[in-house]
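Numbering of ligands and ligand atoms starts at 1, following listing order. Nothing fancy with the numbering, it's 1 onward along the sequence.
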Amino acid sequence: MAVTPMMRQYYEIKSGCEDAILFFRLGDFYEMFYDDAYKASRILGLTLTSRGKDENGEKIPMCGIPYHAANNYIPKLLAQNIKIAICEQTEDPSQAKGLTRREVVKILTPGTVLEDNLLQSQENNYLMAISNDTLKNNFGLAYCDISTGEFFVTEINDPAKLVDEIEKINPKEILTATNLDIRLVQGFFTTVYNPLPYKEARDRFLKFYNIHSAEAVGLEDFHISFSALAAILNYLEKTKKITGFLNKPKRIDNQDYLYMNAVTLKNLEVLSALNPQNKSGSLIWVLDMTRTSMGARLLRKWCAKPLYNRELIQQRLDAVDFFHTNFGVLAELDSLLGEIYDLERLNVKIANQIANPRDLISIKNSLNKLPALYQILKEIPSNLKNLLLFPEEWLKATHDMSVEIEKIILDEPPVLLNNGGIVKSSYSEELDKLREDVKNSKQWFIDLEIRLKKETNIKSLKVNYNKVFGYYIEVTTTNLPQVPDYFIRKQTISTGERFYTQELKEKENFILHADEIIIKKEIEIFTALLADLKKYTDALQIIADKISVLDCLTSLAKVARANNYKKPVLNDNGLFKLQNSRHPVLEKKPDSYQFVANDAFFDTQTSNFVILTGPNMAGKSTYMRQIALIIIMAQIGSFVPAQEANISLTDKLFARIGASDNLFEGKSTFMMEMLESSGILHNATKDSFIILDEIGRGTSTFDGLSIAASIAKYIYKQIQAKTMFATHYHEITSLTEQYPLMKNMNIAVVEEQNKIRFTYKVIPGKAEKSYGIHVADLAGLPKEIIRDATKILEELEKEEISLHKNKTGKIKQLSLF
Ligand code: ADP
Ligand code: MG
């Protein structure tokens, strides 16, 4: 059996996009066939039908969706990591000779969407490519967000670090070189690509940006990453997303940033709470008082990648300080920022020529706020200007842009182009004339009704319009005998008849046609404007960048004011000192919650290792996390929740949180704990900060104790990083007797009438008791169990274990050193 020409066309197009569901445009529908139809009908809940038969005489399974409803269905497919190839009719079917020409106009994939309804405004949508050099274990990592134009590249020489970086960036889609070990990208949506050799990849890249050497973008020492960069460009070309604009890739040099592995970021609840149900409870939740989506996205990036560069941090801190002190300025900026839309993404829409009329109004309204913004920023201290002030010439450019939009586009236009109502009157004479004609013809119908009423003497005669039947003359049944001969019957309705006349038909034709011409003209004007606005994209991008930074810094100033934070003083003598510091998230707990503030002290001569003891629920984990969060806050340039903070910068921050606190993650195994610890021990330096919370908990007591003790010793002797070590092994506290920079601290509890009360106060010295039974008592265990446990404990304590060689040499005592 021969297949129809249309199905032949389908097969050909489908063979070019095997890995995507093909939306094949047939009239007003997108149809899907074969496996695509099975898949789509299942996921989208569509009815599966069939269309014709294939060459074997088998029915061809099919399902379809109306083209205008596609946007309701697409997100569901993308969410399942399914790509969609959109195939349109690329010529007018009424003009086509034979089969209408059809082409794939774009391929939608999770990492390459541009449509508002598919993007999250507060988060980036990254497409990543990874290349590797199998011999050296070197990886090139390139990632971009085409909705914002951002593009980054970095090289990584360790698989574990690669995995970590991927997890932190959290791309929506990853392109993986054919020779990449796919275990490295487990859990992500991937597409395999054939890596180009270095030279070819580099040339592809240089050609795309029209530059002559990698030096021009500071990538001359990069090698392996060029195939990843080229892979991104090729993929965007294949999915037809390259028409717009993509910034030159920004090289990420990790030595400028505070290093945190993905586990640390997660454990410290920087970007989201560990419990996904909990919307509040993360650091970003406290810090984000930004007014624009682009600011919100930037602040997330800052939190995930705090700085490790004193000058840059100081500049941000000084800016926050300035806004913090100058409240009037802050309030004015705040209200201006509140009226600025997502210029970053709007700008990319201009670059891609997909902005709609309402987008242009959003741009115009935003740009109109810039002069006032500029006036304020001109007065800020000169050392902050390069961070926040955009060049005056760009202000001029955006002013012109806003004037252009203002001149043409109505203030409240529709989103869609196809109904007109976009262009202001008195912009185009031609358009005005057409509109005038239409308007006059509306009057013509009114006049016609009056005239016909007189002529026929039918008082209830009406000239009306509806979408299906167009213009008609309506006469009720009782008046039908009076209808003149030249009325032509059009339709019978329950109350009478509808007619038309030759004259009416002609006028109707004119009007229907005129509307079409008007809409066409409006689209033409709009498209020309959009094309013209492209010349402003450079200016707009720089301004969007500056505004995002301003939004973040003013947000930090507002947060600092609202929560009574203090500006940290930075030093480089190894001192780390906090006075009355608080946990930024916990202190915001509602109700009459009173958070207890605590000090912290580390330096290089007297104390760089704190062993923290105290009963369960005493506040150990809270205290350690609060110090880690303060490090992060300070290094993004934020003020901190403390009365005073004088700190040296941390190069790498590690937070290993005990299995007990991480149970629902399903990663509570001892193996995980050891893997993480190993990562810390390999990477930490003397400038790092390490937080180890109840290490060794996941195994038997002696095992755990031995490992905990030897890890503590290793860090102290080999790494000398600032360390906080919370432990339930009281035996560990005796290490301080041998190592002078190790200090014991504990969190005080008060024992009252055999009950304990938590004070949450960190004090010097070790905890004398673990109070486990007291805590059990507080939790309401039966009294019988509490009494029994107390007795057993007394027995056990008689056979106490010590980490020290004991002087009397009793056999029962275990010696670890
Ligand atoms: P630990 O790690 O010692 O078992 P946590 O740090 O998990 O204890 O603290 C237990 C609870 O105690 C916290 O959830 C919090 O409600 C409360 N808490 C901890 N630190 C403080 C503090 N400084 N002020 C007030 N409440 C605190
Ligand atoms: Mg704890």
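Closest heavy-atom approach to atom 19 (C) of ligand 1 within the set Asp693, Thr622, Ile657: this belongs to Thr622.
Annotation: side chain to side chain donor-acceptor pair (under 3.5 Å) contacts involving residues 605-614, sequence neighbours excluded, comprise Asp603-Thr606.
For Phe689 and Phe576, the ring centers sit closer than 6.0 Å to each other. For Tyr126 and Tyr143, the distance between ring centers is under 6.0 angstrom.
Proximity of His583 to ligand 1, defined as any heavy-atom pair under 4.0 Å, is not found for any part of the residue. Here Pro615 has backbone heavy atoms under 4.0 Å from ligand 1, and that is the only part of it that gets that close.
Phe323 does not carry Lys567 over the face of its six-membered ring by the limits of under 6.0 Å from the centre and within 45° of the normal. Taking the ring axis of Phe602 as reference, the NZ or CZ atom of Lys722 does not stay both within 45° of it and closer than 6.0 Å to the ring centre.
The Mg ion (ligand 2) lies at 2.8 Å or more from every N, O or S atom belonging to Thr622.
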Go through the steps to decide whether Thr685 and Asp687 satisfy the test side chain to side chain donor-acceptor pair (under 3.5 Å), and finish with yes or no.
-> CA-CA 5 Å; Thr685 77; Asp687 295 321; 4.5 Å; no
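Proximity to Gly619 (heavy-atom distance under 4.0 Å) selects the following atoms of ligand 1: 1 (P), 3 (O), 5 (P), 6 (O), 8 (O), 9 (O), 19 (C), 20 (N). For ligand 1, the atoms sitting less than 4.0 Å from at least one non-hydrogen atom of Gln594 are 25 (C), numbered in the order shown with element in parentheses. The atoms of ligand 1 that sit less than 4.0 Å from any heavy atom of Phe595 are 21 (C), 22 (C), 23 (N), 24 (N), 25 (C). Within ligand 1, the atoms closer than 4.0 Å to a non-hydrogen atom of Lys589 are 16 (O), numbered from 1 in the order shown. Listed by number with element, the atoms of ligand 1 under 4.0 angstrom from any heavy atom of Asn616 are 4 (O).
With respect to Glu731 and Lys766, no salt bridge is recorded, no charged nitrogen being found less than 4.0 Å from a carboxylate O.
At least one N/O-N/O distance between Lys620 and ligand 1 falls below 3.5 Å. For Val596, a nitrogen or oxygen atom sits less than 3.5 Å from a nitrogen or oxygen atom of ligand 1, counting backbone and side chain alike.
Using a 4.0 Å heavy-atom cutoff, Glu694 is absent from the residues neighbouring ligand 1. Heavy-atom distances between Ala618 and ligand 1 reach below 4.0 Å in at least one pair.
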Identify every side-chain donor-acceptor pair in residues 638-646 under 3.5 Å, counting partners at least two apart or on other chains, and give the distances.
{"residue": "Gln643", "atom": "OE1", "partner": "Asn580", "partner atom": "ND2", "Å": "2.9"}
{"residue": "Asn646", "atom": "OD1", "partner": "Asn571", "partner atom": "ND2", "Å": "2.7"}

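Atom-to-atom distance recorded for Ile756:CD1 and Glu751:CD is 8.0 Å, nearest 0.5 angstrom.
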